[in-house]
Structures are given as C-alpha cells and as structure tokens.
Amino acid sequence: MLTAFARAFKTPDLRKKLLFTLGIIVLFRLGAHVPVPGIDYKNVQECMDQAEAQQGLFGLVNMFSGGALLQITIFALGIMPYITASIILQLLTVVIPRLEALKKEGQSGQAKITQYTRYLTVALAILQGTGLVATARSGSLFQNCNVGDQIVPDQSIFVTITMVLTMTAGTALVMWLGELVTDRGIGNGMSILMFVSIAAGFPSALWAIRQQGKIMDGWLEFGLVILCGLAMVALVVFVEQAQRRIPVQYAKRMIGRRSYGGTSTYIPLKVNQAGVIPVIFASSLLYIPALIAQFSGSDSEWATWIEANFVTGDHPVYIVTYFLLIVFFAFFYVAISFNPEEVADNMKKYGGFIPGIRAGRPTAEYLSYVLNRITWPGSLYLGLIALVPTVALVTLNANQNFPFGGTSILIIVGVGLETVKQIESQLQQRHYEGFLR
C-alpha cells in the first residue's frame with residue numbers, strides 16, 4: 001500500500017489529485033472546529049471535558065462528524081444527512097416505479113437521482129439541525145454537565161434560525177467538497193470524508209484508554225487495544241475480500257462471417273454483500289426508544305424500562321436486540337440491493353448461462369439460493385464485529401465510542417481498500433508496459 005502511494009506521488013497528474021484531496025481534507029477538518037454563531041464555546045468545552053459527555057445518545061452521529069456534533073460547529077451534522085438521504089433514495093428505488101425507471105436509464109437517470117439526493121440532504125439537514133439546536137437549548141445534549149443548559153445563552157428566534165441555517169449550509173458545503181474529491185481527486189469523496197471523520201477520533205480515544213488504564217500506568221491496556229485493533233483489521237480485510245464466484249459462460253453467436261461471444265466470466269457475490277449499512281440501520285433504530293424516553297420526561301414504567309435496558313450498551317437486552325437487528329437488516333438490504341431475477345434476465349438477453357443451470361427462472365432461483373447461504377455468515381460476522389465496543393465497555397471500562405468499534409473499523413478498512421485499488425488501477429494504466437517493448 002505504501003509503495004502504491006509512493007509511486008503515485010512520482011506521477012505528476014496523480015500527485016495533483018492526491019494533493020487536491022489532502023487540501024479538501026484539511027479544509028474539512030478546519031470547518032469541524034469552527035463554532036456555530038450563538039454558542040458559548042467555553043461552556044461547550046467545559047462539558048466536553050467531562051467523560052460522561054461522550055456517552056450520550058448522539059455517539060454514532062458524533063463519530064461520523066469527527067467529534068464536531070458535540071462541539072456544535074458549522075460541520076456539526078457532517079456527512080450523516082447525505083448518507084441517510086442516499087440510503088432512503090436507494091430504498092425508495094425499489095418501491096417507486098419512477099425512481100426504478102430512472103435507475104435503468106443509465107447516466108442521465110443516475111444524475112437525476114443524485115439531484116434528488118441533494119435536495120433530500122438539505123431537507124434532512126434542516127430537520128436534524130433544528131433537533132440539535134433544540135436539544136442544546138434544553139440542556140439535554142450534555143445531561144451530566146453543570147452548565148449544559150447555558151450552551152445557548154441567547155434563545156431568541158433569530159439566533160435559533162441563524163444556527164440552523166449555518167449548520168445546513170455547512171452540510172451543503174461538506175456535500176460539495178465530497179463531490180469535488182470524486183471529480184478531481186482520488187476515490188469516492190463522500191467515503192473519504194467519512195473515513196477522515198472517523199479516523200480523527202482515534203488518537204484521543206486511544207490516549208484516553210491509556211490514561212484510564214490501571215495496569216503498568218495504562219500501557220498494558222493500550223497495547224491490548226492496539227493488538228485487538230490489528231486483529232480486527234485483519235479479520236475485516238479477510239471477510240471483505242471473500243466472495244463466491246458464480247461461473248458464467250456466454251454462447252457463441254455468428255453475425256455475418258464473424259463469431260461473437262464464447263467467453264467465460266463470473267458473478268462475484270461478496271460474503272458481506274450489505275457492507276456497513278445493517279450496522280447503521282440497527283444503531284439508528286435502537287436510538288429511537290431511548291430518544292423518545294428522554295424527551296418525554298415521563299417517570300412511568302415503560303420509560304424506566306427503556307432507560308434501564310436501551311441507554312447503556314452493555315445490557316443483555318440491548319446486546320441481543322442489536323445483534324438480531326443487524327442480522328435482519330443484512331438480509332433485508334441484500335434482498336433489495338441485489339435482484340436475482342434482473343441478473344438472470346440480463347444473462348439470458350446476452351446469451352449467458354451458468355454451467356449446469358438452465359437460463360431464466362432456474363438461474364434466478366440458483367442465485368437466490370447461493371445469496372441466502374453466504375449472507376448468513378456475512379450477517380453473523382457483522383453482528384460479532386459490532387459487539388466489540390460492548391465487550392470493551394465491560395472489560396476495559398471504555399466509553400461507547402471505543403476506537404476500534406465495529407462500524408468505524410468496517411468503514412475505515414472498506415474505504416482504505418477501495419482507495420488503494422483505485423490508485424493501483426490508475427498506476428497500472430499509466431505504467432502499462434504492454435507486449436511489445
């Protein structure tokens with residue numbers, strides 16, 4: 001990997017792309033430290049210094065924003081509204097015929113769906129920004145902080161609207177920066193910014209584990225976490241690269257005097273076909289009951305039960321529910337993102353067939369059978385990886401934003417692998433020796 005980066009910096013056009021990407025990353029991280037107008041920054045920092053401030057209901061969103069959410073900066077919402085909008089549009093494509101037709105139109109239809117995603121991102125940013133400002137004004141953002149209700153000193157309508165518009169504009173700017181990286185930089189811009197946001201919290205989280213450790217001044221716990229992280233990275237790389245290759249043979253066709261087809265290829269079905277989406281879905285869904293109980297302010301039995309079982313991540317009910325939701329969403333997302341009937345029809349249209357399987361409906365049934373079988377180990381793997389922070393909570397007394405948590409490792413390793421593959425493919429195009437020298 002380091003060799004690929006070194007060779008890329010020696011190539012002039014790739015060096016420009018890499019430097020442009022690094023410049024966007026620096027700008028993105030600077031925006032994550034600029035506070036929103038109307039915020040008492042001193043009180044925010046005082047609340048952030050308390051260990052309990054990192055253990056609220058906003059841990060997942062705070063991780064995706066690189067810690068900007070709890071600091072209430074202009075990039076507080078980060079890339080999360082765009083991720084949510086993309087997932088919603090992808091789900092609606094299966095339900096709404098108009099979106100499905102746009103998807104089949106090719107590049108022009110995809111451009112239209114991208115435009116809809118941008119509009120939905122802005123709408124979600126306004127909604128989430130309003131919720132964040134209301135939470136900060138009420139003091140619920142930092143429940144265990146003495147000055148938690150003094151974060152927004154001026155609670156007038158004008159200041160509130162200014163704060164919401166500023167965070168919405170920050171989200172739109174982040175979306176634009178991501179698209180600039182995609183067009184003029186290296187890799188997928190949104191994935192790169194997500195990678196940077198998550199990786200930005202690693203040094204402070206690791207050092208906090210060293211400071212909280214009790215054996216050998218915390219260095220033993222620090223070393224164990226590093227070893228655990230390396231083992232998890234190796235496991236994630238192994239499973240993310242694993243795939244079941246379905247062989248496909250294309251029949252020969254005579255057009256005039258020429259023969260076409262007759263080639264052999266394969267359909268790669270990944271073991272983890274759903275990626276990190278099931279973990280995000282399950283985490284978001286588990287936040288809803290605790291959020292309802294928190295804002296209701298009720299002292300009834302149902303609110304007490306939710307606060308006892310779903311607020312802390314180390315409760316057995318939370319662990320079992322989280323694991324089952326991840327398995328369910330893994331099958332659900334694979335079912336809507338991969339259509340065996342469509343793949344079988346496309347193969348039949350171009351004269352392709354799986355050896356030993358008839359074209360058409362038998363091919364679709366075979367693909368569905370194989371996909372269901374490999375989704376089981378993929379979903380169980382996702383559930384086990386996602387439970388690593390829970391184990392850390394019990395054994396190391398860490399916070400819920402454990403640096404080598406399942407979601408963060410999956411995203412970082414996935415984005416890293418894709419970026420390195422793109423760099424290597426572009427290097428291969430520019431330094432291809434050919435057969436004749």
Side-chain angles (χ1 to χ4, degrees), residues 1-35 61-69 71 73-83 86 114 118 121 125 166-167 169-207 226 229-230 233 236-237 240 275-276 401 403-405 407-431:
M1 183 177 71
L2 296 178
T3 306
F5 277 105
R7 289 175 58 196
F9 269 102
K10 294 179 182 178
T11 308
D13 52 343
L14 279 181
R15 182 169 62 245
K16 289 180 181 179
K17 290 185 175 183
L18 286 172
L19 292 176
F20 179 81
T21 304
L22 291 175
I24 294 294
I25 289 173
V26 171
L27 184 62
F28 175 66
R29 290 306 301 159
L30 285 175
H33 292 85
V34 179
V61 185
N62 188 57
M63 182 188 69
F64 279 109
S65 65
L69 176 79
Q71 296 185 29
T73 65
I74 59 174
F75 289 167
L77 302 179
I79 204 70
M80 201 62 180
Y82 184 85
I83 297 173
S86 301
T114 304
R118 293 170 183 162
T121 300
T166 302
M167 284 189 282
T171 300
L173 181 59
V174 168
M175 182 171 57
W176 179 62
L177 292 177
E179 292 180 354
L180 280 180
V181 172
T182 303
D183 294 337
R184 300 173 55 185
I186 292 290
N188 184 285
M190 302 301 174
S191 300
I192 294 292
L193 294 184
M194 194 190 311
F195 174 94
V196 172
S197 297
I198 296 173
F202 269 46
S204 60
L206 286 172
W207 191 246
I226 295 294
L230 293 176
V233 169
V236 171
V237 170
E240 291 296 320
V276 74
N401 294 326
F404 294 110
T407 310
S408 57
I409 287 293
L410 285 170
I411 293 175
I412 283 182
V413 173
V415 174
L417 287 174
E418 289 300 321
T419 305
V420 170
K421 285 180 182 178
Q422 288 195 22
I423 293 175
E424 289 181 344
S425 64
Q426 294 196 29
L427 284 172
Q428 189 175 9
Q429 290 176 1
R430 288 162 175 79
H431 299 281

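Quick caveat: nothing in here was measured; it's all calculated off a predicted structure.
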Inset, instruction - Output every pair passing side-chain hydrogen bond (donor to acceptor under 3.5 Å, both in side chains) with a member in residues 172-183, not counting sequence neighbours, ordered by first then second residue. - result: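 Residue pairs passing side-chain hydrogen bond (donor to acceptor under 3.5 Å, both in side chains), neighbours aside: Arg118-Glu179.
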Which pairs would a plain distance check flag for residues 16-28, meaning a side-chain donor or acceptor within less than 3.5 Å of a matching protein atom at least two apart in sequence or in another chain?
from	atom 1	to	atom 2	distance (Å)
Thr21	OG1	Lys17	O	2.8
Thr21	OG1	Ile186	N	3.1

Inset, instruction - Hey, could you give me the CG/OG1 distance between Leu30 and Thr73, rounded to the nearest 0.5 Å? - result: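 Going from the CG atom of Leu30 to the OG1 atom of Thr73 covers 11.5 Å.
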Legend entry - Heavy-atom closest contact (Met167 atom, Ala76 atom, distance):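 That would be SD-CB, 3.9 Å.
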Legend entry - Test item: Met80 and Thr171 side chains (from C-beta on) under 4.5 Å apart, heavy atoms: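 Side-chain contact under 4.5 Å: no.
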Inset, instruction - Using a cut-off of 6.0 Å, state whether more than 12 heavy atoms not belonging to Arg15 lie near its atom CZ. - result: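 More than 12 within 6.0 Å, yes.
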Extract all donor-acceptor atom pairs below 3.5 Å that involve side chains of residues 187-194 and protein atoms in other chains or at least two apart in sequence.
from	atom 1	to	atom 2	distance (Å)
Asn188	OD1	Met190	N	3.2
Asn188	OD1	Ser191	N	3.1
Asn188	OD1	Ser191	OG	3.4

